[in-house]
There are 2 protein chains.
Amino acid sequence: MSPRRVTLADVAKAAGVSRPTASLVLSGRGRELRISQDVEQRVLRAAEELQYRPNIVSVGLRTGTSRTIGFVSDTVATSRLAGDMIKGALEAARERGFMLFIGETEGDAELERLLLQAMHDRQVDGLILASMFTRTIKVPKGITAAPAVLLNALPKQPTPLPAVIPDEVEAGRRAARVLLDAGHRDGIYLIGAGPRLRDVPAQSVAAVERLVGIREALREAGVKVAGARTCPDWQPEYGLTATRDLLRTAQPRALICFNDRIAMGAYQALDDFGLKVPADVSIVSFDDHPIASWMRPKLTTVALPHYELGRKAVDVLFTEIDRFTEADRDRPDPDRAGEVHRVPMPVRGRESVSPSPA
Amino acid sequence: MSPRRVTLADVAKAAGVSRPTASLVLSGRGRELRISQDVEQRVLRAAEELQYRPNIVSVGLRTGTSRTIGFVSDTVATSRLAGDMIKGALEAARERGFMLFIGETEGDAELERLLLQAMHDRQVDGLILASMFTRTIKVPKGITAAPAVLLNALPKQPTPLPAVIPDEVEAGRRAARVLLDAGHRDGIYLIGAGPRLRDVPAQSVAAVERLVGIREALREAGVKVAGARTCPDWQPEYGLTATRDLLRTAQPRALICFNDRIAMGAYQALDDFGLKVPADVSIVSFDDHPIASWMRPKLTTVALPHYELGRKAVDVLFTEIDRFTEADRDRPDPDRAGEVHRVPMPVRGRESVSPSPA
DNA sequence: ATCGGGCGCTAACCCGATTTAGCAATGGAA
DNA sequence: TTCCATTGCTAAATCGGGTTAGCGCCCGAT
């Protein structure tokens, strides 16, 4: 079919030396092993002319590596969000000459087991365990056979695995400050969660942390939350009903929506009541979902940094891989908890917040 | 670190036979080579007890395969769409015990070259070349070294590569029929492209084919397109301005928007003019973007079957792989054009179309 | 002339599987 | 008893590269 691949043996023959000699030169160890300049040049020329590329499968067999990392997530496809995480991971990996295996578990533990097995069968050098929304996950046991990193997830049980998550608490503070900076001090309502810390959807790390940050920033400014409506699921329809419910009894000046889809519902509810964003009610939200910039007026929101999360996960994974390979020297206690890396969430200031008339 | 993997040698030793014997039994060729029942049982038991799994890297070196296919796209992350294609491909591949390498080119030819190289270095068994929106692409040369399939793309030059694309022409017919079936015969306008076949954005296969289908179905019903507005880019803002422009001079009864984002803009424009969907104006659209079911009223749209496209691409790829392996026998002329597989686009009937009052 | 030693390279083995060729043991026929 | 088939397994080579031990050679010193 294709003209057979050029192998090391071909290069060696073309250069008139033995296979090991060619190998030594090409792996850069020629100098320390005193290969002559002449031979070195011949080998390099031959490799160049033949367009030699080492077969990674073969190298993998010998060295036990594959220059590949596995990206295992619960769901890739459901959201654009995932795509950006993968994209960040992809680029960071590529910069190091690594490829990405993709796998989805759909939350199925058995599938996850099989997937991890399949990846180990292929000798992946490391694993990224990703969740599509920030939450705590049950870390599959046996995962510590290879370096691994949690992405957008925290371990349910204590594990030595490092984790990379968005800095949701700070995001909460930032959302609150957007309103404070615009002069809002009264009539600030929450849509999606709160006002108490226990008024959050189950399992959602984001809800708790955003709420903590919001309350903290408001408290520091001496401002009180005027009220809140929870949503069983953070979808537009619940945002709509929650906001309608609120508008029947209150006159909010500003809403902090717990995500953009809720904000979308809130827009509709406000429209139903003849209220204008941001003239009558300012809105700030979270996620920076694509719709945020399609909504009219464009939604001011605190962005989930998916791309950066993906990149960061790969960075952290590579330091883990390094730790593994140097493991003979410094082997710290395996019971230590994994470090948690928080990636900042930037504010995307758009059109849905206006200065408080007060 | 991890307890060393169980190898074939371990199984053989535990069963008290040689390595090749164990291999023969496990590969199912024991029967034809007359391995005794006793030995067969011993080997199978040993493999079971030791939880033996063959190292795919090693098998790969021997057989030149990797039980892996490469998924190369221009952009994975930009849209949810991509995610579903990948998901479909992922599941279809997994059912056959294959994994997916993911790569993005960002439209950069040099990057694409490197990526394909990296995949070949890893001995992928086949390649899927995907585009995030349906269009014609320049097929990188040298691609024919391995089985390959175009996904959501058609080759610019004639190649023997098969292609998998959505059936946009039929989708156009279906969209038109949705309106016809609801009794609409007058005041049907197009937003996004048309009315002439040359009034389409460059490079967009979807625009042309949807338009062809729409015109065909309407013509068959003896109905004329009342008018059209093109959009330079299929984004909400252009849908908004195009529809506003239309409403200044016309009184449409129905709109066929060329995608959901345009429809989103159209909703806003209609709202600005105090027109109700679907009471005053029915709307049918294309893509079934997530927002289509968030919009109020929910948008009736002809869905891009991304998941099925991904699955289909893998199916087609596997028949290609089979052709390659049997290539000695039947080798058809390499200049034949690749088959084009069209995946049907289903109508998602929702709330944006109502019977014509006429 | 012999020995020691550094230099420059290669023989040989390894990774974990598959595959081909062929060897011992057994049984039956001549 | 000898020869041949068949049965049931294994030795050895192979894939493509990495790694270690050590072989010749030439030089200078004794």
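All heavy atoms count here, side chains included; hydrogens, waters and symmetry mates do not. Here is the naming used below: chain letters follow the sequence lines, and residue numbers restart at 1 for every chain.
The distance from atom CG of B/Asn55 to atom P of C/dT18 is 10 Å, rounded to the nearest whole Å. Separating the CG atom of A/Leu26 from the C1' atom of D/dG16 is a distance of 13 Å, rounded to the nearest angstrom. Taking atom CZ of B/Arg5 as the reference point, atom C1' of C/dG16 lies 10 Å away to the nearest angstrom. One can place NZ of B/Lys13 at 15 Å from P of D/dT10, the figure rounded to the nearest angstrom. Spacing between atom CG of A/Asp121 and atom P of C/dC15 amounts to 19 Å, rounded to whole angstrom units.
B/Asp125 contributes a side-chain N or O that, together with a main-chain N or O of B/Arg67, makes up a donor-acceptor pair within less than 3.5 Å. A side-chain donor-acceptor contact under 3.5 Å links A/Asn152 to the backbone of A/Ser131. At distances below 3.5 Å, not a single donor-acceptor pair connects side-chain atoms of A/Arg19 with backbone N or O atoms of A/Ala9. Formation of a donor-acceptor pair under 3.5 Å by the A/Arg5 side chain with backbone atoms of A/Arg53 is found in this model. B/Gln123 contributes a side-chain N or O that, together with a main-chain N or O of B/Gly60, makes up a donor-acceptor pair within less than 3.5 Å. When atom types are taken as modelled, the side chain of A/Asp74 and the backbone of A/Met132 share a donor-acceptor pair closer than 3.5 angstrom.
Rounded to 10 degrees, the angle separating the terminal helix axes of the helix from C/dA1-D/dT30 to C/dA30-D/dT1, each built from five base pairs, is 90°.
Judged by closest nucleotide on DNA chain C, B/Arg53 is the one of B/Arg29 and B/Arg53 placed further toward the 5' end.
Regarding contacts with the backbone of D/dG17, a side-chain N or O of A/Tyr52 is found under 4.0 angstrom from either OP1 or OP2. OP1 or OP2 of C/dT18 has at least one side-chain nitrogen or oxygen of B/Ser23 nearer than 4.0 Å.
Here C/dG16 is the nucleotide among C/dG16, C/dT20, C/dA17 with the atom lying nearest to any side-chain atom of A/Leu61. In this structure, of D/dG18, C/dT20, C/dG16, it is D/dG18 that holds the atom nearest to the side chain of A/Thr63. With distances taken from any side-chain atom of B/Arg62 to the nucleotides D/dT14, D/dG16, D/dT20, the minimum falls on D/dT14.
Counting only heavy atoms from C-beta outward, the side chains of A/Leu8 and A/Pro54 never approach each other to under 4.5 Å.
Base engagement by B/Pro20 is indicated by at least one non-hydrogen atom pair under 4.0 Å involving a base atom. At the heavy-atom level, A/Leu8 lies under 4.0 Å from the strands shown only through sugar-phosphate atoms.
Side chain A/Arg19 to base D/dG16: no donor-acceptor pair is found below 3.5 Å.
Classification of A/Arg45 and A/Glu48 as a salt-bridged pair fails, no side-chain N sitting under 4.0 Å from a carboxylate O.
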Return the polar atom pairs (N/O with N/O) between nucleotides 7-9 of chain D and the protein under 3.5 Å, or none.
{"from": "D/dC9", "atom 1": "OP1", "to": "B/Ser36", "atom 2": "OG", "distance (Å)": "3.0"}
{"from": "D/dC9", "atom 1": "OP2", "to": "B/Ser36", "atom 2": "N", "distance (Å)": "2.5"}
{"from": "D/dC9", "atom 1": "OP2", "to": "B/Ser36", "atom 2": "OG", "distance (Å)": "3.0"}

Distance-only criterion, 3.5 Å: show the donor-acceptor pairs between side-chain atoms of residues 94-103 of chain B and protein atoms not counting sequence neighbours.
{"from": "B/Glu95", "atom 1": "OE1", "to": "B/Arg311", "atom 2": "NH2", "distance (Å)": "2.8"}
{"from": "B/Glu95", "atom 1": "OE2", "to": "B/Arg311", "atom 2": "NH1", "distance (Å)": "3.4"}
{"from": "B/Glu95", "atom 1": "OE2", "to": "B/Arg311", "atom 2": "NH2", "distance (Å)": "3.0"}
{"from": "B/Arg96", "atom 1": "NH1", "to": "B/Asp315", "atom 2": "OD1", "distance (Å)": "3.4"}

